[in-house]
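The structure displayed is predicted, hence computed values, not measured ones.
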Amino acid sequence: MLDSIFLQAPVYLLIFGRIFAMLMVLPLFSMRAAPRIAKIALAGYMAFFILGTADLSVYKTYLGPDGVASLQFVLLLAGEVLIGVILGFFIQVIFSSFSSAGQFIAFQMGLGAASAYDSLSQVENPLMGQFFNLVAMLVFLQTKYFQKLFIGGLATSFDALNAIDIVMTKDHLLNFMLKGLTSLFADALVIALPVMGTLFIINVCVGLLTKAAPQMNLLSEGFPIMIIVAFSFIAIAMPYVIDFFIRCFNQGFVEIEKLFLSLGGGIK
């Protein structure tokens, strides 16, 4: 094992750079609670397995006789780190859409001030945002997308994409990033709109009743009603929400595959 790594040390370091960069951005692994030594060990083991299966002849062509001591190797390593960050960032965007949907619902429910530190997204997040983020992570693990990302997607990315391709086709990368950020808000609105629309109707009804009968003081009862209705609606719609989560993950992997093809020259 160590002999094969030493013989191909420059290529091994390039593979390790891409995997480690992705782990540092990927949800769950980017948590501060996850030990960095564990991330390094996992990236090292995965780089060893990919070293024996992926076609990495293009790297050997660009690496000069100086190996890791050359400037060319440093630029290639920076490109591999960028590819890893792109992979992890796009998966993080998918999770952020679920978290944003929870934030929209929380503000409409009146729980916008009930925020706490979210260890998954590593930001201050309302409780409903944390709930949707947690459900999305459980769906991601239960449906084996985690294994697909590492075993299928990551290994295939070395055959389809390298650091040189990014320099040649940077316009595709820019369009991919903009499309990912656009889909974040679109998916969040699709998830949150039914609950937000229901709560908006309740707000309008409570306002009209308060105007018609001020002595009833319905505004003080409006918040408990909205919270009960929102939780009931979410409980009823949860199977459909989980199905939408799965479709979002499927679409996300399709978009990543298209990115590999476009950057690698497969489609224009």
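- The hydrophobic cluster containing Ile246 also contains Met238, counting ILVMFWY residues as joined when their side-chain heavy atoms lie under 4.5 angstrom apart, directly or transitively.
- Each of Phe200 and Ile105 belongs to its own hydrophobic cluster when Ile, Leu, Val, Met, Phe, Trp and Tyr are linked at side-chain heavy-atom distances under 4.5 angstrom.
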(request) Quick one: do Gln130 and Leu134 satisfy side chain to side chain contact (heavy atoms under 4.5 Å, CB included)? Show the steps, please. (result) CA-CA 6 Å; Gln130 296 188 36; Leu134 210 51; over 6 Å; no

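- One hydrophobic cluster, built from ILVMFWY side chains closer than 4.5 Å, holds both Ile202 and Ile227.
- Aromatic rings of Phe245 and Phe95 (six-membered ring for Trp) have centroids beyond the 6.0 Å cut-off, not under it.
- Summarising the geometry of Ala47 relative to Ile19, their closest heavy-atom pair is N-CD1, 3.6 Å, with the distance given to 0.1 Å.
- Under a hydrophobic-cluster definition in which Ile, Leu, Val, Met, Phe, Trp and Tyr are linked whenever side-chain heavy atoms come within less than 4.5 Å, directly or via other members, Ile234 and Ile228 are assigned to different clusters.
- Tyr240 and Leu138 are not part of a single hydrophobic cluster, where members link through side-chain heavy atoms under 4.5 Å apart.
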(message) Could you walk me through whether Phe98 and Phe249 satisfy the ring pair (Phe, Tyr, Trp, His ring centres under 6.0 Å) test, starting with their C-alpha distance in whole Å, then the side-chain angles of each, then the deciding distance to 0.1 Å, before giving a yes or no?
(response) CA-CA 11 Å; Phe98 306 142; Phe249 286 129; 5.7 Å; yes

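- In summary, the aromatic rings of Phe231 and Phe131 are positioned with their centroids too far apart to meet the 6.0 Å limit.
- Within the 4.5 Å cutoff, side-chain heavy atoms of Phe132 are placed close to those of Val241.
- A pairwise comparison of heavy atoms in Met226 and Leu199 identifies O-CD2, 3.4 Å as the closest pair.
- Within a 6.0 Å sphere centred on CZ of Arg36, heavy atoms belonging to other residues, nucleotides or ligands number 12 at most.
- Among Val229, Leu193, Asn203, the one residue that satisfies the side-chain contact (heavy atoms from CB on, under 4.5 Å) test with Thr198 is Val229.
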